[in-house]
Amino acid sequence: MKTHTDYLYFQTRNVREYVRITDQVEEIVAVSGVREGMVLVSAMHITAAVYVNDAESGLIADIAEWLEELAPARPDYRHHQTGEDNGDAHLKSLLLHHEVIVPITEGRMDLGTWQQIYYAEFDGQRRKRVVVKVMGE
Ligand code: ZN
């Protein structure tokens, strides 16, 4: 089995941001030379997420609103007793999960028509990274 590892770096302008990364991951898959296998895309942080869904701006606004309802930014999280102020970002990350696995078929990611890979930042304005690990033949 062949493996290939690379990293994507982010420093978002806003605290919360949704970044489409499908093309960057596809490029890493192409460089890897893997024709049949899978690619793991995993945020290396506890306040960010990686997910697969539609690249539609209305939906992204809906996701942001839904996360804010379930895990609102507020001052009274117990986590803040440590001096942190990002309790909501941890919870938002748990809701969308930190990683995805995408199948690779004939050298390309085997995504459905509307499937796009997104990096979701919930505590940005600092340097963050995502590991991309390609595995296969
Ligand atoms: Zn924290």
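These figures come from a predicted structure and were not determined experimentally. When a ligand or atom number is given, it counts from 1 through the structure's own listing order.
Thr22 places a side-chain N or O within 3.5 Å of a backbone atom of Ile117 that can act as its donor or acceptor partner.
Results of the salt bridge (Lys or Arg N to Asp or Glu O under 4.0 Å) test with Glu121 over Lys128, Arg127, Arg13 single out Lys128 as the only residue that passes.
Using cut-offs of 30° and 60° on the angle between ring planes, the pair Tyr118 and Tyr51 is parallel. Between Tyr77 and His80, the angle of the ring planes goes over 60°, which puts this pair in the perpendicular group of the 30/60° scheme.
One finds an angle of 100° at the Zn ion (ligand 1) between NE2 on His90 and OD1 on Asn86, to the nearest 10 degrees.
With 2.8 Å as the limit, Asp85 does not count as an N, O or S neighbour of the Zn ion (ligand 1).
Closest approach between the Zn ion (ligand 1) and any N/O/S atom of Glu84 involves OE1.
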